[in-house]
Amino acid sequence: MREGEVLWQPPAAFRDATGIRRYMRWLAEHERRPFADYDALWQWSVRDLEAFWASLWSFFGIKASTPYARVLPERRMPGARWFEGARLNYAEHVFRNATPDHPALVACAEARPAAHVSWAELERQVGAVAAALREMGVQPGDRVVSYLPNLPQTVVAFLACASLGAIWSSCSPDMGTRAVVDRFRQIDPKVLFAVDGYVYGGKPFDRTGTVAEIARALTSLEHVVFLSSLGRGAPAGLPPTVAWEAVLRRSAPLAFAQVPFDHPLWIVYSSGTTGVPKAIVHGHGGIVLEHLKTLVLHQDMRPGDRFFWMSSTGWIVWNLLVGGLLAGCTIVTFDGNPGYPDPGAIWRAVGETRVRHFGCGAALVASTMKAGATPRTVADLSALEVLSTTGSPLPIEAFEWVYASVKCDLWLAPISGGTDVACGFVGGCPILPVTAGEMQCRMLGVAARAFDERGREVVGEVGELVITEPMPSMPLYFWNDPGDARYRESYFEMYPGKWRHGDWIRITARGTNVIYGRSDTTINRYGIRMGTAEIYRAVEDMPEIVDSLVVDLEYLGRPSFMPLFVVLADGVALDDALKARIKERIRTLASARHVPNEIYAIDAVPRTLTGKKMELPVRKILLGARADNVASADAMANPESLASFTALAARLNPR
C-alpha cells in the first residue's frame, strides 16, 4: 500500500445525509453562500472568520440569554475576544437534547454488563449534585476537581459543576500523587470528587492512600465527595466528606447559571515538559461552538448515535466524548483495560453497545494489530460506520489493517489536535475520500499551515504546524500566569502572532495532511501527554540516580519505544532490581503509561552550555540522524556524551 492510495469513498446516500452537507445547503439557502466543494468552504472559513463562526452560531441555534454584540472585534493572538456580550451555559446546551427516545449514556466496564442512563435520570442526578455543591458554598468561578475513572458519575459531576458556572478539572486515578498534586495545587480547588479505587486488567487498585495524600497537599480543599467503587470507603483525615449515594438522595431542579461566553468551563493541563504542567483554561462558549463544529460537521454525529471514545479522564478526548451530548448522541463510557481479557474485548464492547462512531488512541489500533486479533470476526460491528484515532500518528500499515480486519466499508478518520485547543486541527471529513497514511483535511475555521524554520509556508514538505488565525477554543489564559508570559512563550515565541503547536506536519497539494509526531519533547503515550520533567522528578529523587534523560522514539510508521537513560551514583549497578524500582517509582509518582520500555546506564546526560538537557537532539540521533547534523559541539558542555547514543542508534536502526 502506498501513501495517498484511496481506500474509501463516501457513498452518495451517506454523503448527502451528513451534517456538513446539511450545513452547506443551509449556507446556500440562508446566507446565499454556495460552495462547490470542501476546499472552497475551508478557504472561506479561514478567510472570513467572523462570517464563518456567526454562521455556526445560527446553524446550531446557540441559546444565549443575552445576544452577542460582535463576533470578533480584533483578530489577534493571544487575546482574541469572541462573541462579547453573549451569556450562556455549556450544560444547558447539553440538556436541550434530552429525550425519552434514547439513553444519554451507556456505561461499560470490565466483566460487567452495560448499564443505561436515561436523559431523565441524568438530569435528576446532575440536579442533585449541583444542589450539593451549592450547599458546600460552590459559586461561579470556584474550582471543583475530580479523581474519578471514566464513569457516568464523572459525567454527572462535571455537568453539575458546569451548570453552576464553577470550573472543572480532572485527573485520572491511574496518575500518581505528585502528578495530580502538581496540577490541582495550582488552582486551589474547593471540592474534590474522589474514588477509593478502580479495576484494571481484572485486578483491583486501591487509591485510598493516594486520595489521602492528595487531600493533605490541597490546603484549599473544603469538601470531598467520595465514591466507593471497590467497597473500601473513604480514608481517615479528609476534609468534611459526603458519600456519592448520599448526594444523589437530594431532590432539586436543575438550573443553569448564565455566564459570559469566555467564562471558564474547565482547566486542563499541558504535559509538564518544562516544569510544573501549565493549567490551560477554556471557556463555555468556545467549547460549545468548537465541539459542535467538530462532532456534527467533521465527525458526522447525529442525534441518537452511539458515540464511544476509549479514554481516561485525564485525556482531553474524555472532554470531547462528553461533548457528544451536545450533539444529542448517546455516549458510551468505559472503565477498565480495553485489552482484557483478550485484545478483542474492546471491539466486542463496541459491537454489543451498537456504536456508530468509535474513537481510540492510535496505540490501541496498533496493539490490536500486533496481537493478531481480527475485530470483524470476534464482534458484531454492523452498526460501526466511523473509526477515529488520535494521540499519535497512525502508520500506513494500520490503515491497511483497519480495512482488512475491522471493516471494509468503514470511514477511517484520524485526527490531530491538542489539549491546548480541546479539538482537532486536522482530521476527518465525511464527504472526502480516505487516503492511506493521511488525514483528510484541515478542519473548518482552522488556518493550519506548515512553516519552515524561516517562517515561510511550505506545501508538500515537512514543517512546523502553525495556526495563523485565532480560534474560539484557544486558551483564554493559563491559570496563575501573570501577563500571559508562559502562554506567549508556549505558542507564540517562534512565530510572533502565530500559534506554533509543536508538531511536524506535511500538507499535501491535495489538502490532505500527515503528522510526523512532536517537534518538542512532550511524550504522548497511549493518549496520556506528559512532559519529561515529571518523569525526571520521579527518577532523580532516587539516591541511586544522579541524572537522567528520557525520549520517545515514536515516529510515523514506527511503534512507540521510550528508553530512559540514567547516570548512576558511584558504586551502583543497573541490575534488574534497580530497573524494577525505577519503573515502579515512575508508575506510582507519574503515570503507569510512562513506564519506559528499556533503561540504559550512561556516563553523562548531554547538555547545552547553559545546562539544558538535549532531549530533541538525542531523539533525532536515536531515530537515525547524524550527531553532527543535530548538535553543535561548540554549543555543548559535554560533546563526548553523544557517542553512547550514536552507538545505540546503530543497534536500534540496523541498515
Side-chain angles (χ1 to χ4, degrees), residues 82 86-94 126 129-148 153-172 180-194 214-215 218-225 239 254-270 276-291 313-316 318-320 322-323 325-326 419-423 472-482 484 486-487:
W82 292 91
R87 299 183 72 86
L88 42 64
N89 187 282
Y90 174 101
E92 185 171 16
H93 282 79
V94 164
V126 172
V129 175
L133 291 174
R134 276 194 298 271
E135 291 173 14
M136 295 173 190
V138 173
Q139 299 177 5
D142 286 341
R143 276 75 64 204
V144 174
V145 295
S146 165
Y147 192 60
L148 298 174
Q153 291 93 326
T154 317
V155 178
V156 169
F158 162 61
L159 292 175
C161 178
S163 74
L164 297 175
I167 306 171
W168 173 263
S169 194
S170 174
C171 282
S172 170
V180 176
V181 171
D182 280 351
R183 287 159 171 79
F184 288 168
R185 190 156 52 190
Q186 297 182 63
I187 65 173
D188 296 322
K190 181 176 282 188
V191 177
L192 167 68
F193 286 87
I214 292 168
L218 301 178
T219 57
S220 63
L221 269 189
E222 297 179 8
H223 297 274
V224 174
V225 180
L254 181 57
F256 305 104
Q258 297 300 296
V259 297
F261 185 90
D262 61 356
H263 183 82
L265 172 64
W266 59 51
I267 298 172
V268 292
Y269 301 92
S270 70
V276 176
K278 303 175 187 72
I280 300 169
V281 184
H282 293 130
H284 276 245
I287 293 301
V288 167
L289 266 182
E290 184 59 65
H291 280 190
T313 53
W315 189 14
I316 193 63
W318 181 85
N319 304 61
L320 187 66
V322 178
L325 297 171
L326 293 169
T419 297
D420 322 73
V421 290
C423 67
S473 65
M474 282 178 172
L476 303 175
Y477 47 84
F478 292 168
W479 199 265
N480 288 335
D481 180 25
D484 288 336
R486 296 185 79 195
Y487 188 8

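Predicted model, so just to flag it, every value in this text is computed and none were measured.
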* Output all residues satisfying ring pair (Phe, Tyr, Trp, His ring centres under 6.0 Å) with His284, sequence neighbours left out; order by chain, then residue number. => His263
* To do: Under the salt bridge (charged side-chain N to carboxylate O under 4.0 Å, His left out) rule, collect the residues that match up with Glu222, sequence neighbours excluded.
  => none
* To do: Apply side chain to side chain donor-acceptor pair (under 3.5 Å) to Tyr90 and list each qualifying residue two or more places apart in sequence or on a separate chain.
  => none
* To do: Step by step, work out the side-chain contact (heavy atoms from CB on, under 4.5 Å) result for Ile187 and Asn480.
  => CA-CA 8 Å; Ile187 65 173; Asn480 288 335; over 6 Å; no
* Structure fact -> Residues at least two apart in sequence or cross-chain that pass ring pair (Phe, Tyr, Trp, His ring centres under 6.0 Å) with Phe193, listed by chain then number, are none
* To do: Quick one: list whatever passes side chain to side chain donor-acceptor pair (under 3.5 Å) with Trp82, sequence neighbours left out.
  => none
* To do: Enter the distance from Arg183:CZ to Ile267:CD1 here, rounded to the nearest 0.5 Å.
  => 13.0 Å
* Asked: Distance-only, no hydrogens or angles: does the Ser270 side chain make a donor-acceptor pair with backbone N or O of Pro277 under 3.5 Å?
  -> no
* Structure fact -> The reported gap from CG in Asn319 to CD1 in Ile287 (rounded to nearest 0.5 angstrom) is 7.5 Å
* Considering residues at least two apart in sequence or located in another chain, which fulfil the side-chain contact (heavy atoms from CB on, under 4.5 Å) criterion with Ser170? -> Ser146, Trp168, Thr313
* To do: Could you grab the distance from atom CD of Gln139 to atom CZ of Arg134, nearest 0.5 Å is fine?
  => 11.5 Å
* Could you pull out all residues at least two apart from Asp484 that satisfy side-chain contact (heavy atoms from CB on, under 4.5 Å)? => Tyr477, Asp481, Tyr487, Arg488
* **With Asp262 via side chain to side chain donor-acceptor pair (under 3.5 Å) - residues at least two apart** => Arg81
* Asked: Do the non-hydrogen side-chain atoms of Val281 and Phe478 ever get within less than 4.5 Å of each other?
  -> no
* Asked: Minimum heavy-atom separation for Leu218 to Pro189, with atom names?
  -> CD1-CG, 4.0 Å
* Val94 and Val322, any side-chain heavy atoms less than 4.5 Å apart -> no
* Rounded distance (nearest 0.5 Å) linking atom OG1 of Thr154 with atom CG of Leu148 -> 4.5 Å
* Structure fact -> In short, Val129 meets Ala160 closest at the heavy-atom pair CG1-CB, 3.6 Å
* Asked: Would you say the side chain of Trp479 lies within less than 4.5 Å of the side chain of Lys278, judging by non-hydrogen atoms?
  -> no
* **Verdict with reasoning, Leu254 to Phe256, per side-chain contact (heavy atoms from CB on, under 4.5 Å)** => CA-CA 7 Å; Leu254 181 57; Phe256 305 104; 3.6 Å; yes
* Qualifying side-chain hydrogen bond (donor to acceptor under 3.5 Å, both in side chains) pairs, either residue in residues 156-166, two or more places apart -> none
* Where the side chain of His291 meets the backbone of Ala422, is there a donor-acceptor pair that is under 3.5 Å apart? -> yes
* State, with a plain yes or no, whether a side-chain heavy atom of Val144 is found less than 4.5 Å away from one of Ile167. => no
* To do: Could you go through the side-chain contact (heavy atoms from CB on, under 4.5 Å) check for Val268 and Trp315 one step at a time?
  => CA-CA 9 Å; Val268 292; Trp315 189 14; over 6 Å; no
* Asked: Taking only residues two or more places apart in sequence or in another chain, which ones pass side chain to side chain donor-acceptor pair (under 3.5 Å) with His93?
  -> none
* To do: For side-chain contact (heavy atoms from CB on, under 4.5 Å), just list the numbers for Val191 and Val138, CA-CA rounded to whole Å, side-chain angles, deciding distance to a tenth of an Å, and then say yes or no.
  => CA-CA 8 Å; Val191 177; Val138 173; 3.6 Å; yes
* To do: Tell me, please, which residues at least two apart from Cys423 pass side-chain contact (heavy atoms from CB on, under 4.5 Å).
  => Glu290, Thr294, Val421, Met471, Ser473
* **Donor-acceptor under 3.5 Å (Glu92 side chain, Leu88 main chain)** => no
* Asked: Would you call Tyr269 and Ile280 a side-chain contact if the rule is heavy atoms closer than 4.5 Å?
  -> no
* Structure fact -> With sequence neighbours left out, the residues meeting salt bridge (charged side-chain N to carboxylate O under 4.0 Å, His left out) with Asp142 are Lys190
* Thr219 OG1 to Asp188 CG distance, which is reported to the nearest 0.5 Å -> 6.5 Å
* Would a distance-only check, ignoring hydrogens and angles, find a side-chain to backbone donor-acceptor pair under 3.5 Å from Asn89 to Gly165? -> no
* **Side chains of His223 and Pro239 in contact at under 4.5 Å (non-hydrogen atoms)** => no
* Structure fact -> d(Leu476 CG, Phe261 CZ) to nearest 0.5 Å is 9.5 Å
